[in-house]
Amino acid sequence: MLTTLMNGWDWFTGLPHLASIGLALYVVYLSLLTGYIVLQKREPVATLSWILSLAALPYAGLLIYYLLGPQKVQRQNIRRGRHRDDMSSYRAVCPVDDNASELAKIAQSTTGLPPTTATRLEWLIDGGMAYPAILQAIAQARDHIHLLYYIFTPGHNGTAVRDALIERARAGVQVRLLIDAIGSGKVGKGFLQPLRAAGAEVVWFHPSQLLRPFKRPWMNLRTHRKLVIVDGQVAFTGGINITDEQDERLRADAYRDLHLRVEGPVVRSLQLVFVEDWLYASNQGRQVFQPERLWPPYPPVPAQQTIHTQVLISGPDSGWETIHRLHVAAIHEARRRVWLVTPYFVPGEAARMALTSAALGGLDTRLLVPRRSDSLLVTLAARSYFDELLAAGVRIYEYGPRMLHTKAFIADDHLSIVGSANFDHRSFRLNFELSMMIRDKAVTAELAQLLENEFEQAVEVSPDRQRGLWRDRLPEGFARLASPLL
């Protein structure tokens with residue numbers, strides 16, 4: 001009995017020693033991780049948010065940061081390689097414009113893609129317009145079809161697109177499909193097998209590396225781009241994925257969204273974006289592409305319309321945040337109107353300052369967001385910024401009952417930006433995004449009319465709205481704390 005008591009006492013008196021060891025390990029853990037995060041040189045708010053989050057989750061936070069923390073993608077080998085021949089050189093395929101406007105020069109300097117033109121541009125509203133147009137273009141393909149998607153699901157529309165690609169592949173058309181491994185996670189081998197059997201190539205963007213030793217997984221770095229290119233002459237891009245959730249013909253609650261169909265020289269810029277992403281994701285050499293097939297000669301017949309356009313790309317492989325930078329610069333440049341439509345509104349300080357300055361300066365400044373997005377946390381975070389914006393004079397509208405998924409921006413009467421990028425930290429810094437900047441009064445007027453219709457179907461947020469402490473203000477405040485991590 002005495003021996004048992006003595007052993008128990010030894011265990012009890014050893015607790016402070018164990019606690020000291022645990023505290024020391026915790027201090028070492030937090031110091032090393034803090035040092036690593038600080039060296040990333042991100043925004044102070046984001047850095048502090050990560051440090052505090054990891055401090056609150058000892059040791060488990062290390063795994064979270066390993067899986068979801070900031071990462072940089074090194075693609076210098078591709079960027080160097082594209083200067084070795086005309087196929088891969090942005091300067092050769094899309095010559096630099098030394099007389100470009102300031103906004104165009106910013107985009108050109110940060111992406112390598114200069115301003116160019118489109119001979120035709122068509123707005124496609126919702127999946128009901130986008131999917132038939134894409135299927136029609138695929139059916140008319142004679143040389144190659146390139147597709148890049150964040151979400152590609154094996155539903156009605158996914159099967160229709162797959163079967164159309166199979167038919168063209170069997171006819172000798174080169175088909176390449178690049179899909180995100182997370183966004184298109186519902187796609188199985190059985191669904192893709194007939195496509196591959198027909199001769200098409202399918203590549204996953206950032207597949208899981210959880211089981212590969214010494215390989216950091218790319219779980220938080222996704223391609224959010226949506227792109228279809230047919231024969232290098234016609235392209236589709238915007239916000240619509242290949243999924244039944246965005247087809248109002250199949251679902252009454254389908255996402256409200258916007259896409260566009262373009263023709264003309266701008267397709268070359270879009271083709272370059274696809275080629276670089278394909279080479280990066282597939283690890284294939286450039287010899288798999290034949291330049292004369294990628295860049296078919298355009299008809300010498302003068303175009304009836306010249307629309308000034310420029311492709312904007314951003315991603316974690318660049319620190320310039322091109323799409324974010326262009327939005328902020330365009331707001332500062334505006335003199336009459338700034339309209340912003342986005343499903344996820346989590347602005348940084350620069351964007352908030354630009355929007356409030358535009359409103360305080362007397363510009364027609366409007367923000368359209370969903371009444372409730374598919375993420376409650378993002379909805380609450382977005383609403384936490386409303387008071388500041390409303391006080392400055394920004395008119396805020398909430399769209400419903402359908403989920404608004406459109407990403408569109410208008411400055412004055414001549415500039416519009418439409419694409420895949422949301423107005424949040426994830427799109428500006430973590431995702432690979434693709435947008436189109438368009439400088440054309442007629443095209444901008446068409447987009448403005450579309451957005452006017454959306455504003456009319458939305459409810460304007462009143463500065464005097466009733467907001468409860470527990471139901472609204474506190475949840476919004478806590479959601480705002482997580483904004484840098486969303």
Side-chain angles (χ1 to χ4, degrees), residues 43-49 52-53 256 321 324-325 327-332 334 336-411 421-429 451-452 454-486:
E43 282 192 0
V45 174
T47 300
L48 288 173
S49 296
L52 291 175
S53 299
R256 183 69 167 173
E321 298 182 23
H324 185 198
R325 188 180 296 269
H327 276 89
V328 173
I331 294 172
H332 285 303
R336 192 181 75 82
R337 168 175 64 179
V338 171
W339 291 1
L340 174 63
V341 182
T342 178
Y344 309 115
F345 180 72
V346 187
E349 184 177 354
R352 292 202 317 276
M353 185 73 75
L355 287 170
T356 52
S357 294
L360 290 168
L363 277 65
D364 176 11
T365 309
R366 304 187 196 181
L367 170 65
L368 178 63
V369 295
R371 185 176 305 165
R372 180 166 184 150
S373 74
D374 52 1
S375 169
L376 177 59
L377 185 62
V378 173
T379 300
L380 293 172
R383 287 177 178 167
S384 74
Y385 297 99
F386 284 5
D387 286 341
E388 177 186 358
L389 297 175
L390 291 168
V394 178
R395 300 179 66 182
I396 303 175
Y397 298 80
E398 291 187 321
Y399 185 93
R402 291 169 62 186
M403 160 69 181
L404 179 74
H405 200 249
T406 300
K407 309 103 166 51
F409 171 86
I410 290 179
N422 301 303
F423 209 81
D424 62 4
H425 297 278
R426 176 168 295 279
S427 282
F428 292 150
R429 295 173 183 163
L451 298 188
E452 279 279 16
E454 307 295 63
F455 285 124
E456 291 175 0
Q457 299 180 52
V459 176
E460 186 168 2
V461 178
S462 171
D464 301 325
R465 68 198 189 284
Q466 298 297 317
R467 300 169 65 246
L469 175 63
W470 296 101
R471 187 189 65 183
D472 302 304
R473 290 156 55 195
L474 273 178
E476 290 171 10
F478 280 111
R480 183 170 179 146
L481 290 176
S483 292
L485 307 181
L486 296 178

Taking all heavy atoms of Leu390 and all of Pro463, pick out the closest pair and write down the distance.
-> CD1-CA, 4.0 Å
Return the orientation label for the Phe423 and Phe345 ring planes: parallel under 30°, perpendicular over 60°, tilted otherwise.
-> parallel
Does any N or O in the side chain of Thr365 come within less than 3.5 Å of the main-chain N or O of Leu363, such that one atom is a donor and the other an acceptor?
-> yes
Any side-chain heavy-atom pair of His405 and Arg256 under 4.5 Å | no
From the list Val338, Thr342, Leu451, side-chain contact (heavy atoms from CB on, under 4.5 Å) partner of Phe409 resolves to Val338
Value for OH (Tyr397) from CZ (Arg366), rounded to nearest 0.5 Å, stands at 4.5 Å
From CA spacing to verdict: side-chain contact (heavy atoms from CB on, under 4.5 Å), Tyr344, Asp374 = CA-CA 9 Å; Tyr344 309 115; Asp374 52 1; 2.6 Å; yes
dist His327:NE2 -> Phe428:CZ (nearest 0.5 Å) comes out at 6.0 Å
Spacing of Leu355 atom CG and Ile331 atom CD1 [to the nearest 0.5 Å] = 4.0 Å
Test Asp364 against Arg336 for side-chain contact (heavy atoms from CB on, under 4.5 Å), laying out the working first.
-> CA-CA 6 Å; Asp364 176 11; Arg336 192 181 75 82; 5.7 Å; no
Side-chain donor/acceptor of Thr406 to backbone N/O of Ala408, under 3.5 Å = no
Can Arg467 and Asp387 be said to form a salt bridge (Lys or Arg N to Asp or Glu O under 4.0 Å), step by step?
-> CA-CA 11 Å; Arg467 300 169 65 246; Asp387 286 341; 3.5 Å; yes
Shortest non-hydrogen contact from Val459 to Arg371?
-> CG2-NH2, 3.5 Å
Report yes or no: does Ser427 contribute a side-chain atom to a donor-acceptor pair with the main-chain N or O of Ala421 at less than 3.5 Å?
-> no
List the atom of Ser384, the atom of Ala381, and the distance in Å for their closest heavy-atom pair.
-> OG-O, 2.5 Å
Close side-chain approach of Arg465 to Phe386, heavy-atom, < 4.5 Å | yes
State which residue, out of Glu460, Arg372, Arg383, fulfils the side-chain contact (heavy atoms from CB on, under 4.5 Å) condition with Glu398.
-> Arg383
When you look at Tyr385 and Val346, which way does the side-chain contact (heavy atoms from CB on, under 4.5 Å) test go after all the steps?
-> CA-CA 8 Å; Tyr385 297 99; Val346 187; 4.3 Å; yes
Min side-chain heavy-atom separation Leu389-Leu367 under 4.5 Å | yes
Where is the tightest heavy-atom contact between Ala411 and Ala330, given as atom of each residue plus distance?
-> CB-O, 4.1 Å
Could you check Leu404 against Val369 for side-chain contact (heavy atoms from CB on, under 4.5 Å), going step by step and ending with a plain yes or no?
-> CA-CA 7 Å; Leu404 179 74; Val369 295; 5.6 Å; no
Over 12 non-hydrogen atoms of neighbours within 6.0 angstrom of CD in Glu452 | yes
Minimum-distance pair of heavy atoms, taken over all atoms of Glu454 and Tyr399 | O-CD1, 3.8 Å
Exercise: identify the closest heavy-atom pair between Pro343 and Ser373 = O-CB, 3.8 Å
Whether Thr356 side chain and Met353 backbone form a donor-acceptor pair below 3.5 Å = yes
